[in-house]
Protein chains: 2
Amino acid sequence: MSTATPTSRSLADAFTAKGLRLTAQRRVLLEIIESATSHLDAAGLLQLARDRDARINRATVYRTLEILKKLGLIDELDLMHLNGEKHYYEIRTGRDHIHLACFECGRIEEYESPVFDQLKQEIAQKQGFSIGVVRMEVGGRCSICVRANSREQ
Amino acid sequence: MSTATPTSRSLADAFTAKGLRLTAQRRVLLEIIESATSHLDAAGLLQLARDRDARINRATVYRTLEILKKLGLIDELDLMHLNGEKHYYEIRTGRDHIHLACFECGRIEEYESPVFDQLKQEIAQKQGFSIGVVRMEVGGRCSICVRANSREQ
DNA sequence: GCCTTAGTTGCGACTAGTCGCAATAGAGGA
DNA sequence: TCCTCTATTGCGACTAGTCGCAACTAAGGC
């Protein structure tokens, strides 16, 4: 959920463009991240990587994620700690979005809005803050659970 | 950084009002949290609590913070992991605010805005989401560091 | 195709936070 | 004031994430 849009076609391209080495481990990790359809956590990423190739260490997964964060190619999410302390990751594609986490059913919704864009612009202008990353998460009850509850009594 | 404003005068009052026991450990922790002037982390809170009273365990600190979060009396912050993975806590006072974390100097700024309030309202209305907690954090460079850098070359 | 070398990896030990369980101690009633 | 009962605590073991260091290997030069 952050500000610039990546310019390179693939994550691997971005790595080599920055003079970073494309090791076997990184190649696997980057492919998995690129093809992921849902929010990945580090443990899941490690598992998928090991399924595909063998020798890869937990620390390498974390270090690779760290680099991708710093390059602004992925965003790190807490998802309001719905499933404990762990973090989730998603590729930074187009526009920043807000994550809405339902404490009742666990659903995660993504939300984008011109007002959100306006808010970021305001922070940059009024506060003189040069924005690198934005993370906005909301916890509560999704529309489905709200409706279900009001029907209940 | 969240939505409802607490109604009770002190955290201890809120505990008893909810039928929660006021143990010696909780009394100490709540007092420290109430009188804190800066963002506290769990380890700092534990240390301060042990300085004041003796027997208090790490787990109790985390459990007490958990309760306060659930009651909406404190907010949990990451501060963009400026100092590693740990969390910070602040009493929920008036209006929700955004935390701006400078990656260069480590300064934390707090920012509030009608646009932020409007955004939350929009999420509730358009998405039908019942908001419990909102966390918005921005990482980048503060105005001071931006100015310093532009002057540099 | 081989050498060199600096970036990267795995390992193991560490910090932050969570959880189950038995022991303890608030708080309300007698 | 004492008793009871259940919420709460401490403990120890666990998960998630980080870090220093020695071993390894990608990538560029010959």
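Sequence lines set the chain letters: A, B, ... in the order given, protein chains first and strands last, and positions in each chain run from 1.
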Going by atom types alone, do A:Thr64 and A:Gln25 pair a side-chain donor with an acceptor below 3.5 Å? no
Looking at residues at least two apart in the chain, or sitting in another chain, which of them share a side-chain contact (heavy atoms from CB on, under 4.5 Å) with B:Gln118? A:Val115
Can you see whether A:Asn83 engages A:Tyr88 through a side-chain donor-acceptor pair at a distance of less than 3.5 angstrom? yes
Name all residues meeting the side-chain contact (heavy atoms from CB on, under 4.5 Å) criterion together with A:Ala49; count only those two or more places apart in sequence or in a different chain, and write none if there are none. A:Val28, A:Leu29, A:Ile32, A:Ile56
Set out, line by line, the N/O atom pairs under 3.5 Å between protein and nucleotides 11-14 of chain D.
residue	atom	partner	partner atom	Å
D:dC11	OP1	B:Arg55	NH2	3.3
D:dC11	OP2	B:Asn57	ND2	3.4

Return the value, rounded to whole Å, for the distance between atom OH of B:Tyr88 and atom P of C:dT15. 16 Å
Please determine if a side-chain N or O atom of A:His87 lies less than 4.0 Å away from the OP1 or OP2 oxygen of D:dG17. yes
Over the length of the helix from C:dG1-D:dC30 to C:dA30-D:dT1, how much do the five-pair end axes diverge, rounded to 10 degrees? 30°
In whole Å, I'd like the distance from the CD atom of A:Gln47 to the C1' atom of D:dT15. 15 Å
Assess the side chains of A:Tyr111 and B:Gln127: does a donor N or O sit below 3.5 Å from an acceptor N or O? no
Any B:Thr23 side-chain nitrogen or oxygen under 4.0 Å from OP1 or OP2 of C:dG26: no
Closest-nucleotide 5' rank along DNA chain C - winner of A:His81 and B:Gln25: A:His81
Take the protein atom CG of A:Leu30 and the nucleotide atom P of C:dT8, then report the distance between them rounded to whole Å. 12 Å
What integer distance in Å separates A:Leu65:CG from C:dT9:P? 12 Å
Applying salt bridge (Lys or Arg N to Asp or Glu O under 4.0 Å), which residue pairs with at least one partner in residues 37-51 of chain B are found, sequence neighbours left out? B:Asp41-B:Lys86
Check whether the ring centres of B:His87 and A:His81 lie less than 6.0 Å apart, and answer yes or no. yes
Run the numbers on A:Leu46 and A:Thr60 for side chain to side chain contact (heavy atoms under 4.5 Å, CB included), then give the verdict. CA-CA 9 Å; A:Leu46 175 60; A:Thr60 301; over 6 Å; no
Separation of atom NZ in B:Lys70 from atom P in C:dT18, rounded to whole Å: 10 Å
To the nearest Å, give me how far apart CD (B:Glu66) and P (D:dA7) are. 18 Å
Would you tabulate the pairs of protein nitrogen or oxygen atoms and nucleotide nitrogen or oxygen atoms of nucleotides 5-7 of chain C closer than 3.5 angstrom?
residue	atom	partner	partner atom	Å
C:dA6	N3	A:Arg21	NH2	3.0
C:dG7	O4'	A:Arg21	NH2	3.4
C:dG7	N3	A:Arg21	NH1	3.2

Other residues, nucleotides, ligands: >12 heavy atoms within 6.0 Å of A:Arg55 CZ: no
OP1 or OP2 of C:dG17 under 4.0 Å from side-chain N/O of B:Tyr62: yes
For B:Asn83 and C:dG17, give me the distance from atom CG to atom C1', rounded to whole Å. 17 Å
Within the 3.5 Å criterion, strictly below it, is a donor on B:His99 or B:Glu137 matched to an acceptor on the partner's side chain? no
Classify the nucleic acid contact of B:Ala42 as base, sugar-phosphate or nothing, counting any heavy atom under 4.0 Å across all strands shown. sugar-phosphate
Stacked cation flag A:Lys18 on A:Phe15, 6.0 angstrom / 45 deg: no
Using atom CD1 of A:Ile67 as one end and atom C1' of C:dT9 as the other, report the distance to the nearest whole Å. 11 Å
For the residue pair B:His39 and B:Glu110, confirm or rule out a side-chain donor-acceptor distance under 3.5 Å. yes
